[in-house]
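All heavy atoms count here, side chains included; hydrogens, waters and symmetry mates do not.
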Amino acid sequence: MIEKANLEIFAETLLELAKKDKNIIVVTSDSRGSGKLTNFGKALPDQIIEVGIAEQNLVGICAGLSAVGKKVFGVSPASFLTARSLEQIKNDIAYSDHPVTLVGISAGVSYGQLGSTHHSIHDIAVLRAVNNIDIVVPADNFETKEVIKSAVNYKHPLFIRFGKKPMMKLHNGNHNFIIGKAIKLKSGNDLAIISTGETVQRAFKACEILEKLNINSTLISMHTIKPFDKDLFINSITNSKGVITIEEHSISGGLGEKCASIMLENNIQLPFKMLGFPDEYMVNGSQKDVLDYYKMSPEKIAEIAQVILK
């Protein structure tokens, strides 16, 4: 079942929470509309600050507001927030230990034909290297709502990453969401697929294709990249015959490399395939076009799985 875009759930959930808590403040960089925060601004004009296209200032203002006890959400396109403002994120937020929630919108290749200048395929890599900031990439509406509820009173700096497309419902009522604890969506002993964010739904569809071929997969929504759920990852691949990682991010410094390093450190030897964006000039096109080109369509994932298992 297709639900809303995660961004819409983010904005709706934050508005509900902010109506009950005047200390919740949103800071945006000319991104009220693209961040789905128009209704928030109309309902709570005293709890939103617009700084214009000034991402570095946004981060500094977020740090200052946090220092006086506000619960701050800084919302800006992920590509600019994590590149242009990296020094401010590192020094003003992470190293200064201000529990600000930075929200990177239109992440990955969500901006489609706007091209490489607007793609955010570096953000996980650069923030993984910064001490004292946690990273969450929700896969669907459930994970989005839960992480925003958790973020309001979270005690550490936090980066949350969202795309723009409507998402599938991936979770049943038995799942709990905890930052730092991944969620197992499917169980199977043939293959382990580890994914994060919007690519989880592509992995889910690939699992359905494989099930028709009597190939049963474990599927993990690794919604938290940092801190990483090492225990569930190792337990999920222990009885598998191969591992595939899938991410809407560069293969340099992202989910796949993290998984590979854990396997190497623990002497786990399995056929392994890392799906993401290679170190090259990227093709242009819609989000779907780009993901499909780089072998992240459900059909291609299923093909790759069959090759691994052979």
Side-chain angles (χ1 to χ4, degrees), residues 6-7 29-31 34-35 53-59 62 74-95 100-139 157-165 194-200 202 222-228 245-261 274-291 293-296:
N6 288 341
L7 261 179
S29 58
D30 194 34
S31 48
S34 54
I53 303 175
E55 291 83 3
Q56 292 156 311
N57 292 343
L58 176 144
V59 176
C62 287
V75 182
S76 183
S79 57
F80 308 128
L81 178 62
T82 57
R84 187 174 293 160
S85 310
L86 181 59
E87 183 177 359
Q88 284 72 27
I89 294 173
K90 180 182 71 172
N91 294 328
D92 297 352
I93 303 293
Y95 291 178
V100 170
T101 298
L102 296 173
V103 180
I105 62 175
S106 301
V109 292
S110 294
Y111 276 125
Q113 279 112 336
L114 290 177
S116 295
T117 58
H118 284 61
H119 293 341
S120 185
I121 62 171
H122 62 276
D123 48 349
I124 293 172
V126 296
L127 294 181
R128 275 185 63 208
V130 175
N131 174 53
N132 197 39
I133 185 165
D134 295 341
I135 304 168
V136 178
V137 191
L158 180 64
F159 175 70
I160 306 174
R161 184 190 206 247
F162 292 123
K164 298 199 299 183
K165 294 186 70 64
I194 318 298
S195 189
T196 189
E198 294 193 4
T199 55
V200 176
R202 289 172 165 252
M222 192 63 71
H223 54 72
T224 305
I225 303 297
K226 184 182 173 184
F228 196 84
T245 64
I246 309 169
E247 58 193 307
E248 192 176 347
H249 185 273
S250 170
I251 59 173
S252 300
L255 170 68
E257 282 198 348
K258 178 64 177 179
C259 292
S261 68
M274 189 187 309
L275 295 178
F277 302 124
D279 185 12
E280 66 183 34
Y281 287 109
M282 291 180 61
V283 300
N284 202 13
S286 68
Q287 180 191 39
K288 180 182 184 303
D289 291 338
V290 176
L291 289 171
Y293 179 86
Y294 288 106
K295 301 180 180 179
M296 286 181 274

Handout entry: Residue pair F80 / I53, side-chain heavy-atom distance below 4.5 Å
Key = no

Problem - From OG (S250) to NE2 (H119), nearest 0.5 Å - result: 12.5 Å

Exercise for the section: Answer whether the closest heavy-atom distance between the side chains of P77 and S31 falls below 4.5 Å. Expected result: yes

Enumerate donor-acceptor pairs with a distance under 3.5 Å from any side-chain N or O in residues 100-114 to protein atoms, sequence neighbours excluded.
| residue | atom | partner | partner atom | Å |
| --- | --- | --- | --- | --- |
| S110 | OG | A107 | O | 2.7 |

Handout entry: Close side-chain approach of T196 to T245, heavy-atom, < 4.5 Å
Key = no

Problem - Side-chain donor/acceptor of S29 to backbone N/O of S76, under 3.5 Å - result: no

Practice task
Could you pull out all residues at least two apart from R128 that satisfy side chain to side chain donor-acceptor pair (under 3.5 Å)?
Solution key: none

Completion exercise
So OG of S252 and CD of E257: to nearest 0.5 Å the spacing works out to 5.5 Å

Practice task
Could you tell me whether the side chain of E248 and the main chain of L291 form a donor-acceptor pair under 3.5 Å?
Solution key: no

Fill in the blank from the handout: Correct closest heavy-atom pair for D123 and A78 would be OD2-CB, 3.9 Å

Practice task
Flag yes if more than 12 heavy atoms outside K226 fall under 6.0 Å of its NZ atom; otherwise flag no.
Solution key: yes

Exercise for the section: Check whether any side-chain heavy atom of E198 sits under 4.5 Å from a side-chain heavy atom of R161, and report yes or no. Expected result: no

Problem - I124 CD1 to H249 NE2 distance, which is reported to the nearest 0.5 Å - result: 4.5 Å

Practice task
Report yes if some heavy atom in the side chain of P157 is under 4.5 Å from a heavy atom in the side chain of N132; otherwise report no.
Solution key: yes

Practice task
State, to 0.1 Å, how close L7 and G35 come at their nearest heavy-atom pair, and which atoms those are.
Solution key: CD2-O, 4.2 Å

Exercise for the section: Go through the steps to decide whether Y294 and M282 satisfy the test side-chain contact (heavy atoms from CB on, under 4.5 Å), and finish with yes or no. Expected result: CA-CA 9 Å; Y294 288 106; M282 291 180 61; 3.9 Å; yes

Exercise for the section: Drop me the distance from I121's CD1 to S116's OG, to the nearest 0.5 angstrom. Expected result: 7.0 Å

Fill in the blank from the handout: Between the CG atom in L86 and the CG atom in L127, the distance rounded to the nearest 0.5 Å is 6.5 Å

Problem - Polar side-chain atom of Q56 near backbone of R84 as donor-acceptor pair, under 3.5 Å - result: yes

Exercise for the section: Report yes or no: does T224 contribute a side-chain atom to a donor-acceptor pair with the main-chain N or O of P227 at less than 3.5 Å? Expected result: no

Handout entry: Residues in ring-ring contact (aromatic ring centres under 6.0 Å, His included) contact with F228, at least two apart in sequence or another chain
Key = none

Exercise for the section: For residues L255 and M222, determine if any side-chain heavy atom of one lies less than 4.5 Å from a side-chain heavy atom of the other. Expected result: yes

Handout entry: Beyond-backbone contact of S120 with T82, side-chain heavy atoms, under 4.5 angstrom
Key = yes

Exercise for the section: Determine whether more than 12 heavy atoms belonging to other residues, nucleotides or ligands lie under 6.0 Å from atom CD of E87. Expected result: no

Fill in the blank from the handout: Tested for side-chain contact (heavy atoms from CB on, under 4.5 Å) against Y95, the lone hit among N131, I133, I89 is N131

Completion exercise
Value for CG (L275) from OG1 (T199), rounded to nearest 0.5 Å, stands at 9.0 Å

Problem - Non-hydrogen side-chain atoms of I225 and V137 separated by less than 4.5 Å - result: yes

